[in-house]
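Below: one structure, written as structure tokens.
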Amino acid sequence: MQTTALEEKIKQLSADYIYEQAVGSLLLMLMSAMEDVEKGDAPLPYTIHEDLLAIKKDIRSYLLSLEDILEGEQEDRTAALEACMAKKEELLSIYETVYSYFSQWNLYSTLVSDQVALRKYKEEGIEVEKIDWSLFFADCHAFMESGNNLLEQKNYMGQILKCLPLHMARDKYYDTITLSLEAAFAGESKEFIEKSLRAFEGFCCPETNPLYGKYFGEVATWLGEKRMLMPHKMEDEELSNLYEDLKVVLESLQDVEEYFSCILHDLNSLILLFYLTYSFTDLTESNATYSDLYHTVCEFLTGELDETEREAYLDTLNEQLEQAVEPVIDKANAIGKEEYELLQKVNTFADFAEDTQKVLMTEDFIRECFFGDLNDELFQFHLPEDLPVATEEEKKALFADFIQKTRSSLETLPVQTRKIAMQTLMGALPPIYSVSEVMEMVTNAIDSASSLEQKALIVDKVGMVFQDNHYQSLTEHAHEHHHDDDCGCGHDHHEHHHHDHDCGCGHDHHEHHHHDHDCGCGHDHHHDHGGSHSHAPSTPPDKPEGLEHLIAVAQEAFVALKPGGLLLMEHGCAQGAAIKVLLESHKWENVLILKDLSGHDRVASARKPAA
């Protein structure tokens with residue numbers, strides 16, 4: 001296939017994909033409307049503010065007039081598009097308060113879960129001394145080094161730091177946070193920094209949000225009552241009851257999040273339909289059933305059907321919508337897969353014709369709308385690209401204001417709660433440390449732990465980090481803590497908010513509404529209702545095998561060699577970092593990892609200490 005033919009094929013596939021997603025958006029909106037009918041007037045356990053009800057009312061109004069708008073004048077279409085985009089911004093602004101509630105819940109949950117875990121360890125007589133600490137430290141090192149790029153490596157380092165008790169003077173801590181902010185926002189505009197810091201304030205000092213408590217005030221009140229929690233002083237029964245209460249509140253918050261997600265999907269569907277140039281006829285001409293379904297749903301919503309007709313239609317209508325949307329989504333996924341495979345053959349898009357580039361840009365926008373995720377959208381600021389870089393004076397003022405707000409808020413918390421909040425903030429920012437410096441902090445945390453249970457807690461948390469990132473430890477049983485859905489250790493092994501905005505695979509992994517599809521792109525997309533997602537790599541990180549054998553060799557060599565003797569030991573190309581940590585932890589000096597002619601780690605060189 002010639003380059004021009006390849007470009008033409010990509011352009012056509014992109015256009016086809018856009019059309020199928022538009023049809024899918026129409027059908028999914030109809031499904032969403034019928035879901036609202038089934039849920040009734042009380043879809044949540046909390047009072048729904050009139051601002052949200054007004055947004056829902058506007059969405060229904062646009063759905064009922066959708067055919068007229070799509071068949072009408074461009075001015076009306078543009079006005080509807082702008083109105084829906086404004087409604088979306090309003091929705092996200094309201095959701096900031098819910099995000100703050102989740103952040104507070106995570107803080108209190110960590111505090112309680114840690115205390116439950118410590119008591120569980122003590123009760124069970126956890127045998128920390130059986131942990132092979134050299135392998136544990138090697139795992140931590142290898143995990144952080146396994147990042148595919150510097151950003152991912154920093155992310156892994158941050159996750160490890162969140163597992164460690166904070167042992168740092170407050171002034172030094174806030175100086176460190178300032179340095180992390182300077183590194184994170186180098187080259188960014190003042191506007192971007194302002195919006196980002198506002199997002200950070202959502203979990204550092206949520207009460208500073210002017211809308212805090214206005215929406216779902218029952219949640220804000222409950223969280224406020226827990227602000228001065230001191231779980232370590234509670235009796236077992238009181239602690240257990242609080243732990244159960246936290247689980248109930250989480251379920252309710254997840255229902256609230258789902259409610260917002262459905263509204264967001266509906267608004268994104270409207271934005272998509274108003275943005276594109278398809279008429280209602282264009283969207284329904286390929287299958288007359290689409291038009292019939294639209295009109296039936298409208299009749300259902302406007303009360304044109306009597307009670308008997310409504311009951312008869314309710315089940316069959318939902319089934320018909322399912323049957324209509326499934327093949328549309330499957331077709332879009334198949335087109336997307338074929339297009340993706342062709343795009344891999346293109347070295348640069350710069351040589352594409354302007355029309356082709358416009359179609360691909362439109363497709364990117366459509367993907368953002370169709371797969372829009374609530375928590376990701378919250379951090380997409382949509383700022384102009386040509387904003388000037390913030391001056392040093394502007395950054396200094398913004399960072400100082402953020403530190404002052406954060407410090408003032410955290411100072412009002414009990415000591416243990418404050419330390420966990422400080423831990424969380426430090427882990428959320430790109431660490432200014434190197435891998436070796438973080439390893440030193442891990443070692444110090446273990447060495448300075450006040451009890452065996454505290455050591456076990458660190459190991460447990462690090463193990464969950466490995467699990468969440470699909471990292472296979474160097475030895476499967478070195479520091480394994482087995483969890484099921486309710487293992488009783490006090491930890492929630494499905495932490496609620498992990499915002500990985502870019503998994504790096506090239507796709508946006510946000511499924512729309514109830515449908516779990518295999519798009520065939522080769523990636524593992526775990527979708528659930530409401531757009532939340534996780535991304536599992538198609539292959540796990542390399543697992544350095546055979547370490548036990550190499551450790552035995554090193555131990556024998558340490559005994560056999562004279563002081564100052566040299567050890568040269570061949571190893572696998574994926575084992576270099578782990579072997580270096582292991583040898584250093586076993587008292588070897590001047591440890592070097594030598595590369596072979598292909599540039600791969602191949603031989604470890606180390607000396608036994610001189611007498």
To check you understand the geometry: which heavy-atom pair defines the closest contact between [X] and [Y], and what is its length?
| X | Y | result |
| --- | --- | --- |
| Leu246 | Ser109 | CD1-CA, 4.0 Å |
| Lys154 | Pro431 | NZ-O, 2.9 Å |
| Tyr212 | Pro206 | CD1-O, 3.6 Å |
| Phe399 | Leu181 | CZ-O, 3.7 Å |
| Leu267 | Cys84 | CD2-O, 4.1 Å |
| Phe370 | Gly24 | CE1-C, 4.2 Å |

To the nearest 0.5 angstrom, please state how far the [atom1] atom of [X] sits from the [atom2] atom of [Y].
| X | Y | atom1 | atom2 | result |
| --- | --- | --- | --- | --- |
| Gln104 | Leu107 | CD | CG | 8.0 Å |
| Asp76 | Leu70 | CG | CG | 11.0 Å |
| Leu425 | Lys162 | CG | NZ | 10.0 Å |
| Asn287 | Leu293 | CG | CG | 8.5 Å |
| Asp255 | Glu257 | CG | CD | 10.0 Å |
| Glu194 | Glu394 | CD | CD | 8.5 Å |

Test item: [X] and [Y] side chains (from C-beta on) under 4.5 Å apart, heavy atoms:
| X | Y | value |
| --- | --- | --- |
| Asp51 | Tyr215 | yes |
| Leu52 | Phe260 | yes |
| Asp355 | Val359 | no |
| Leu63 | Leu270 | no |
| Phe274 | Leu66 | yes |
| Asn268 | Phe371 | no |
| Thr424 | Thr110 | no |
| Glu67 | His295 | yes |

Counting only heavy atoms from other residues, nucleotides and ligands, does the tally under 6.0 Å from [atom1] of [X] exceed 12?
| X | atom1 | result |
| --- | --- | --- |
| Lys331 | NZ | no |
| Glu75 | CD | no |
| Glu354 | CD | no |
| Arg227 | CZ | yes |

Derivation and outcome, side chain to side chain contact (heavy atoms under 4.5 Å, CB included), residues Lys195 and Glu191: CA-CA 6 Å; Lys195 288 183 176 291; Glu191 291 79 3; 5.7 Å; no
I'd like to know if the side chain of [X] and the backbone of [Y] have a donor-acceptor N/O pair within less than 3.5 Å.
| X | Y | value |
| --- | --- | --- |
| Ser14 | Ile10 | no |
| Glu7 | Phe352 | no |
| Ser189 | Phe192 | yes |
| Ser93 | Glu89 | no |
| Thr97 | Ile94 | yes |
| Gln344 | Tyr340 | yes |
| Arg77 | Ile69 | no |
| Ser409 | Lys405 | no |
| Tyr275 | Thr78 | no |
| Glu377 | Leu92 | no |

- prompt: Does the side chain to side chain contact (heavy atoms under 4.5 Å, CB included) test come out yes or no for Gln159 and Asn469, once each step is laid out?
  reply: CA-CA 10 Å; Gln159 291 182 54; Asn469 290 278; 2.7 Å; yes
query: Does the pair Asn209 and Ser100 meet the rule for a side-chain hydrogen bond (donor to acceptor under 3.5 Å, both in side chains), with working shown?
result: CA-CA 9 Å; Asn209 186 329; Ser100 296; 4.6 Å; no
- request: Measure the acute angle between the ring planes of Tyr99 and Phe379, then classify it against the limits of 30° and 60° as parallel, tilted or perpendicular.
  value: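 Tyr99 vs Phe379 ring planes: perpendicular.
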field: Option from Leu321, Asn318, Leu317 for which side chain to side chain contact (heavy atoms under 4.5 Å, CB included) with Met31 holds
entry: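 Option passing the side chain to side chain contact (heavy atoms under 4.5 Å, CB included) with Met31: Leu321.
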query: Considering the options Thr277, Asp282, Leu283, which one meets the side chain to side chain contact (heavy atoms under 4.5 Å, CB included) requirement together with Ser279?
result: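 That would be Asp282; it is the only one of Thr277, Asp282, Leu283 passing the side chain to side chain contact (heavy atoms under 4.5 Å, CB included) with Ser279.
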task: Could you walk me through whether Tyr46 and Val219 pass the side chain to side chain contact (heavy atoms under 4.5 Å, CB included) test, one step at a time?
output: CA-CA 8 Å; Tyr46 303 120; Val219 182; 3.5 Å; yes
- prompt: Do Gln404 and Ser408 have a side chain donor and acceptor closer than 3.5 Å?
  reply: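 Note: Gln404 and Ser408 side chains meet the donor-acceptor criterion.
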message: Please tell me whether Asp292 and Thr289 have a donor and an acceptor in their side chains that are separated by less than 3.5 angstrom.
response: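 Judged by distance alone, the side chains do not pair up.
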field: Tyr101/Phe216 aromatic ring centres below 6.0 Å
entry: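 Centroid separation for Tyr101 and Phe216: 6.0 Å or greater.
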task: Apply side-chain hydrogen bond (donor to acceptor under 3.5 Å, both in side chains) to the pair Glu218 and Thr47, showing each step before the final yes or no.
output: CA-CA 8 Å; Glu218 303 98 318; Thr47 303; 3.2 Å; yes
Let me have the donor-acceptor pairs involving side chains of residues 53-60, under 3.5 Å, with sequence neighbours excluded, atom names and distances please.
from: Lys56; atom 1: NZ; to: Asp36; atom 2: OD1; distance (Å): 3.3
from: Lys56; atom 1: NZ; to: Asp36; atom 2: OD2; distance (Å): 2.7
from: Asp58; atom 1: OD2; to: Lys87; atom 2: NZ; distance (Å): 2.9

side-chain hydrogen bond (donor to acceptor under 3.5 Å, both in side chains) between Gln12 and Asp16, intermediate numbers included: CA-CA 6 Å; Gln12 185 59 54; Asp16 292 345; 2.9 Å; yes
field: Sidechain N-carboxylate O distance under 4.0 Å for Glu392, Lys395
entry: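 A salt bridge is present here (some side-chain N lies under 4.0 Å from a carboxylate O).
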message: side chain to side chain contact (heavy atoms under 4.5 Å, CB included) for Ile366 and Leu276? Distances and angles first, verdict last.
response: CA-CA 9 Å; Ile366 298 312; Leu276 298 172; 3.8 Å; yes
